[in-house]
2 protein chains.
Amino acid sequence: METGPAETRWLDPAERDAWLRLVAVVELLPGILDAQLRGSSGLTHFEYFVLAMLSEAPDRTLRMTTLAQRTNATLPRLSHVVRRLEDRGLVVRVPCPEDGRATNAHLTDAGWDAVVAAAPGHVETVRSHVLDPLTREQLDQLRDIGDALLTTLDPEGRMTALFE
Amino acid sequence: METGPAETRWLDPAERDAWLRLVAVVELLPGILDAQLRGSSGLTHFEYFVLAMLSEAPDRTLRMTTLAQRTNATLPRLSHVVRRLEDRGLVVRVPCPEDGRATNAHLTDAGWDAVVAAAPGHVETVRSHVLDPLTREQLDQLRDIGDALLTTLDPEGRMTALFE
DNA sequence: GCCGATTAGTTGACGGAACAACCAAAGCCT
DNA sequence: AGGCTTTGGTTGTTCCGTCAACTAATCGGC
């Protein structure tokens, strides 16, 4: 007779195989991306991602909250990062005219140059470490798996604004 | 005529689709795992993983170097983490008898209890956020994709000792 | 039009991770 | 056997991320 919470359903071999590999990838990939970008541009992958989002935005400008959603950052984290980027002259913060509470982050010319300089090396790393080892079929499978996972990992679809 | 380095091959739409989703997953998953474990057991996912590796090892003991490989940690990182776990009584460090340079990390009974207590909630999180959204077919695809990626992300197969 | 509630963002303190410098034990070479 | 090299770990500094507390501005009800 069960008295406490339901028995744990442990992972069967197929589940365990998939899960362990996903954990390994999740653990290894950030380090690879950070190392390459830090070495060649002095940017964190997260900093690069922030700059890249701004570079694709209209007028190279986004509200802090929007930028936080697109990069999956908390607002405090983004605030600190943007301050550091501002210290380096890659971004400026401008009070939003329409809403006195809001702040707009705007990519400077120097920031644009930094993204343009960093992009080729970054793309090359993504190719050699992630895309090239996969077949075309696996690429499609990965997209669908990513969609399925993001349904639960990001139910509000905050980060998926990029590709939806 | 090309003079500088080769032109960058930018990502085509299929590549971009897959890549952006993978980045999102890699960015989101660690936070989910950490939050659940920290809330229910006061353990980081990495700390949990360290304890779990020890719990499966013969005599619940592993050399620091081996443990670092299995968890994809640098030795300094692992050293700090193990010291904190030792402060909490979950692990003890014992000088290795066969090699005076080496240190063995051994899971205490309290550490074993901590893993056993934390495991069900962790597995439940893995199920609800990762495994359940995927079809059985996608589970197999994910395993193969993981294998392909780990070939380049972890060429020495240090982390794959778990399932190879 | 004013007051509470919500939203937007910043700041400061604390904890964890990377990197570099360091120490100690073992292996090796002659 | 003595000295160089390599291997195994630890320690300290610095940087980044999280959490909690706080400020400022907008909104909503009356």
Side-chain angles (χ1 to χ4, degrees), chain A residues 26-39 41-50 61-88 91-106 156 158, chain B residues 26-39 42-50 61-88 90-106 156 158:
Chain A
V26 163
E27 198 74 23
L28 288 163
L29 193 48
I32 307 260
L33 299 177
D34 273 340
Q36 184 273 322
L37 277 170
R38 286 209 41 114
S41 330
L43 290 171
T44 304
H45 177 248
F46 181 73
E47 292 172 335
Y48 171 83
F49 206 79
V50 167
T61 300
L62 284 176
R63 297 261 291 252
M64 291 293 284
T65 299
T66 310
L67 188 52
Q69 290 174 349
R70 301 239 174 133
T71 57
N72 183 44
T74 60
L75 219 31
R77 177 183 184 188
L78 182 65
S79 185
H80 283 137
V81 169
V82 167
R83 178 177 43 69
R84 279 174 230 139
L85 292 174
E86 193 171 26
D87 292 342
R88 291 200 253 165
V91 162
V92 284
R93 278 189 284 192
V94 184
C96 177
E98 295 106 25
D99 188 334
R101 298 167 295 181
T103 305
N104 283 328
H106 174 75
E156 277 92 26
R158 310 187 316 165
Chain B
V26 164
E27 198 74 24
L28 288 164
L29 194 48
I32 308 260
L33 299 178
D34 273 340
Q36 184 273 322
L37 277 170
R38 288 209 39 116
L43 291 171
T44 303
H45 177 247
F46 180 73
E47 291 172 334
Y48 172 83
F49 206 78
V50 167
T61 300
L62 284 176
R63 296 261 291 254
M64 292 292 285
T65 300
T66 310
L67 189 51
Q69 290 174 350
R70 300 240 174 132
T71 58
N72 183 45
T74 60
L75 220 30
R77 179 185 181 186
L78 182 64
S79 184
H80 283 135
V81 168
V82 168
R83 180 179 43 70
R84 290 189 286 255
L85 291 174
E86 194 172 24
D87 292 343
R88 292 200 253 165
L90 306 180
V91 162
V92 284
R93 278 187 286 192
V94 183
C96 177
E98 296 106 28
D99 188 334
R101 299 168 294 181
T103 304
N104 283 328
H106 174 74
E156 277 93 26
R158 309 188 315 164

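All heavy atoms count here, side chains included; hydrogens, waters and symmetry mates do not. Chain naming here is simple, since letters A, B, ... match the order of the sequence lines and numbering starts at 1 in each.
Atom pair A:R93:CZ and C:dT11:C1' shows a separation of 11 Å (rounding to whole Å applied). The distance from atom CZ of B:F49 to atom P of C:dG16 is 19 Å, rounded to the nearest whole Å. Counting to the nearest Å, the C1' atom of C:dA8 and the CG atom of A:L78 are 12 Å from each other. Rounded to whole Å, the distance from CG on A:D34 to C1' on C:dC19 is 14 Å. Between the CG atom of A:L75 and the C1' atom of D:dA20 there is a distance of 14 Å, rounded to whole Å. A straight line from CG of B:L33 to P of D:dT18 spans 14 Å, rounded to a whole angstrom. Atom pair A:I32:CD1 and C:dA17:C1' shows a separation of 17 Å (rounding to whole Å applied). Atom pair B:L37:CG and C:dG16:P shows a separation of 14 Å (rounding to whole Å applied).
Out of D:dT11, D:dA20, C:dA18, the shortest distance to the side chain of B:S79 is found at D:dT11. For B:R63, counting side-chain heavy atoms from C-beta on, the closest listed nucleotide (D:dC19, D:dG9, D:dG12) is D:dG9. When distances are taken from the side chain of A:D99 to each of C:dT10, D:dA25, D:dT10, the shortest belongs to D:dA25. Distance from the side chain of A:E47 is smallest for D:dC16 among the nucleotides C:dA8, D:dC16, C:dA18. Closest to the side chain of B:P76, out of D:dT10, D:dA20, D:dG9, is D:dT10. Listed candidates were D:dG9, D:dC16, D:dT11. Nearest to the side chain of A:R38 is D:dC16.
Formation of a donor-acceptor pair under 3.5 Å by the B:D34 side chain with backbone atoms of B:H45 is found in this model. No donor-acceptor pair closer than 3.5 Å links the side chain of B:T44 to the backbone N or O of B:E47.
Note on A:R84: a side-chain N or O is less than 4.0 Å away from OP1 or OP2 of D:dC16. The side chain of B:R101 places no N or O atom within less than 4.0 Å of a non-bridging phosphate oxygen (OP1 or OP2) of D:dG9. In this structure, B:R77 does not reach the C:dC19 phosphate: none of its side-chain N or O atoms is under 4.0 Å from OP1 or OP2.
Two residues, A:T74 and A:G100, neighbour DNA chain D, and the one matched to the more 5' nucleotide by heavy-atom proximity is A:T74. Place A:T103 and B:V81 on DNA chain C by their nearest nucleotides, and A:T103 ends up nearer the 5' end. Of the residues near DNA chain C, A:A35 and A:N104, the one whose nearest nucleotide (by heavy atom distance) lies more toward the 5' end is A:N104.
Taking every heavy atom of both residues into account, B:E27 and A:T71 meet most closely at CG-O, 4.3 Å. Taking every heavy atom of both residues into account, B:G42 and B:R88 meet most closely at O-NH1, 3.2 Å.
Heavy-atom neighbours of B:R38 CZ from other residues, nucleotides or ligands within 6.0 Å: at or below the threshold of 12.
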